[in-house]
Novice: 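Sharing a structure, written as structure tokens. Questions coming.
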Protein chains: 2
Amino acid sequence: MDVKTLCLGLLSLGDACGYDLKKTFESSFKHFFPAGYGSIYPALADLANAGLVECTKVPQAGKPDRKVYRITDSGRRVFLDALNHTEPQHKLRSEFLATIYFADLLDTERLGVLLDDRLQKLRDTVAQIEHIEQEWGPETPAGARFVAGFGAEMAKAAAEYVETNRHLLTNASNGERISEIKAAAGG
Amino acid sequence: MDVKTLCLGLLSLGDACGYDLKKTFESSFKHFFPAGYGSIYPALADLANAGLVECTKVPQAGKPDRKVYRITDSGRRVFLDALNHTEPQHKLRSEFLATIYFADLLDTERLGVLLDDRLQKLRDTVAQIEHIEQEWGPETPAGARFVAGFGAEMAKAAAEYVETNRHLLTNASNGERISEIKAAAGG
DNA sequence: CAAATCATTATCAATCTGATATATATCAGC
DNA sequence: GCTGATATATATCAGATTGATAATGATTTG
């Protein structure tokens, strides 16, 4: 499932322009499927080309025309098919963990900042998810609730792990090793 | 931090060829920074071009020459700099959660399969991490332990969330809605 | 009133993914 | 002894994605 398919899925819930979709990605999908304009606009163009969505230009005073997309019957069929016959991936790409892997090469201060920043972002994620959850009514579909809950729980678990285990990364023998390696680097 | 920088980091721990690096990515980085040949080989070529690593061809009987890469002093400097001055990202891309978001459109069986498959993969991840942890001796750096533990704990928390909350995705009113929507799709 | 943000479009170079190709060696099982 | 899978090792390529950048006028904020 690529951004194109996800856009199609969102359009199955209601008409929208690229800007609207981007806002949905920011509010509901941010923590598990980030997407920027650079993928959304080409996706919409491709979908329209393939006849899976139709586009209507809506002029506005002062602002650029809204290009409102509506899913077609063919589009619905293609989306349902993707949903039912695609093996879904799930992958993390963490430069944070990659950096921590080399914790030996970081001085204590830098390490502290990295961990604190990450904790802050995890807390922000939880707050952001709980904020959108508060605005939901009883009609909000179960899937949306499930994925939001998942995001919040994962962020809490990650924060707890970092807090509980950060002491493992700072032991007395580090200062020495860093000096040696930096010397070898001829810095 | 891109694949290129991570390759440089791994080479700071010892000489290796592309194939070796790929194995390291599979064993230690799989759960938080996957990378394939398509990114590793170009990365090594770029690093060599920039003088951050040196390459020696080692002929072998029957197999292709090993191209063994060794980090240079300049390479070490560049890596330390990246480690200390890059804002590290951390992002999930989950087609699984995207699919579950549209749980209303899935029939019960498909939903069950998706959840069971995910649970199985989470358990595999835990097993794989615990397996590599068992092979470590006392000299294994703290960073490697920390990121492995992180991966295992996250996988456990994810599995627990799925098991505890999967019932929210299957309620009686679903059958009806699916039929309606499929009808609207003109399938 | 200046500065920032909102609303809306769009493009582009660099990077990454996933599949594919090539060639030989070994090893398990029939 | 053959067959098929797996391991060793290289590399490329089309398509997807990222992150930055650009334009332009309206409205909100300080």
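Side chains are part of it too, since the values below use all heavy atoms of this structure and drop only hydrogens, waters and symmetry mates. Below, read A as the first sequence line, B as the second, and so on, with proteins coming before strands; counting in each chain starts at 1.
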Novice: For the pair Glu26(B) and Lys23(B), find out whether any cationic side-chain nitrogen is under 4.0 Å from an anionic carboxylate oxygen.
Specialist: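 Between Lys23(B) and Glu26(B) there is no salt bridge, as every charged N stays at least 4.0 Å from the carboxylate O atoms.
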Novice: Between dT17(D), dA7(D), dT9(C), which nucleotide has the shortest distance from any of its atoms to the side chain of Pro64(A)?
Specialist: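 Within the option list, the nearest is dT9(C).
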Novice: In whole angstroms, how far is the P atom of dT17(C) from the NZ atom of Lys4(B)?
Specialist: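 Nearest whole value for this atom pair: 14 Å.
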Novice: Is Lys91(B) touching bases, backbone alone, or none of the nucleic acid, heavy atoms closer than 4.0 Å?
Specialist: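 Sugar-phosphate contact only - Lys91(B) comes under 4.0 Å of backbone atoms but never of a base.
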Novice: Check whether any side-chain N or O of Gln60(A) sits under 4.0 Å from OP1 or OP2 of dT8(C), and answer yes or no.
Specialist: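 Yes, within the criterion.
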Novice: Can you measure Leu21(B) atom CG to dA11(D) atom P for me and round it to whole angstrom units?
Specialist: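 So the CG-P distance, Leu21(B) to dA11(D), works out to 12 Å.
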Novice: Are any of Ser39(A)'s side-chain N or O atoms less than 4.0 Å away from OP1 or OP2 of dA16(D)?
Specialist: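 Answer is no, no contact under 4.0 Å.
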Novice: Report the residue (Asp46(B) or Gln89(A)) whose heavy-atom-nearest nucleotide on DNA chain C is the more 5′ of the two.
Specialist: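 Mapping each residue to its closest nucleotide by heavy atoms, the 5'-most match is Asp46(B).
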Novice: OP1 or OP2 of dA11(D) less than 4.0 angstrom from a side-chain nitrogen or oxygen of Lys67(B), does that happen here?
Specialist: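 For dA11(D), OP1/OP2 do have a side-chain N/O of Lys67(B) under 4.0 Å.
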Novice: Do the ring centers of Phe33(A) and Tyr101(B) come within less than 6.0 Å of each other?
Specialist: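 Centroid separation for Phe33(A) and Tyr101(B): 6.0 Å or greater.
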Novice: Please determine if Lys30(B) forms a cation-pi arrangement with Phe25(B), meaning its NZ or CZ atom is less than 6.0 Å from the six-membered ring centre and no more than 45° off the ring axis.
Specialist: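 Here Lys30(B) fails the 6.0 Å and 45° test against Phe25(B).
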Novice: Report the distance from atom CD of Glu87(A) to atom P of dA19(C), rounded to the nearest whole Å.
Specialist: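 Rounded to the whole Å, the gap is 11 Å.
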Novice: Find the distance Ile40(B):CD1 to dC13(D):P and express it as a whole number of Å.
Specialist: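 To the nearest whole Å, that distance equals 19 Å.
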Novice: If each of Tyr41(B) and Gly36(A) is mapped to the nucleotide of DNA chain D with the nearest heavy atom, which maps nearer the 5' terminus, i.e. the 5' end?
Specialist: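 Between the two, 5'-proximity favours Tyr41(B).
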Novice: Is the shortest side-chain N to carboxylate O distance from Lys57(B) to Asp65(B) below 4.0 Å?
Specialist: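 So Lys57(B) does not pair with Asp65(B) through a salt bridge.
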Novice: So which nucleotide from dT9(C), dT17(D), dG19(D) ends up closest to the side chain of Cys17(A)?
Specialist: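 Nearest listed nucleotide: dT9(C).
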Novice: Mind checking Lys57(A) for me? I need base, sugar-phosphate or nothing, with any heavy atom below 4.0 Å counting as a touch.
Specialist: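 Nothing, no nucleic acid heavy atom in range.
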Novice: Starting at NZ of Lys23(B) and ending at P of dA9(D), how long is that distance when rounded to a whole Å?
Specialist: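 Those two atoms, NZ and P, are 7 Å apart.
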Novice: Does a side-chain N-to-carboxylate-O contact under 4.0 Å join Arg118(B) and Glu163(B)?
Specialist: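 No, this pair does not count.
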Novice: Measuring to OP1 and OP2 of dA7(C), would you say a side-chain N or O of Tyr19(A) lies under 4.0 angstrom away?
Specialist: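 Tyr19(A) to dA7(C) OP1/OP2: side-chain N or O found under 4.0 Å.
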Novice: How many whole angstroms separate atom OH of Tyr37(B) from atom P of dT20(C)?
Specialist: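 Taking atom P of dT20(C) as the reference, OH of Tyr37(B) is at 16 Å.
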Novice: Atom NZ of Lys22(A) and atom C1' of dT17(D): how far apart are they, to the nearest Å?
Specialist: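 The distance from NZ of Lys22(A) to C1' of dT17(D) comes to 13 Å, rounded to the nearest Å.
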Novice: When the distance from CZ of Phe29(B) to C1' of dT17(C) is rounded to whole Å, what number comes out?
Specialist: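 It works out to 19 Å between those atoms.
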Novice: So which one's nearest nucleotide on DNA chain D is more toward 5', Arg93(B) or Asp20(B)?
Specialist: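 So the residue in question is Asp20(B).
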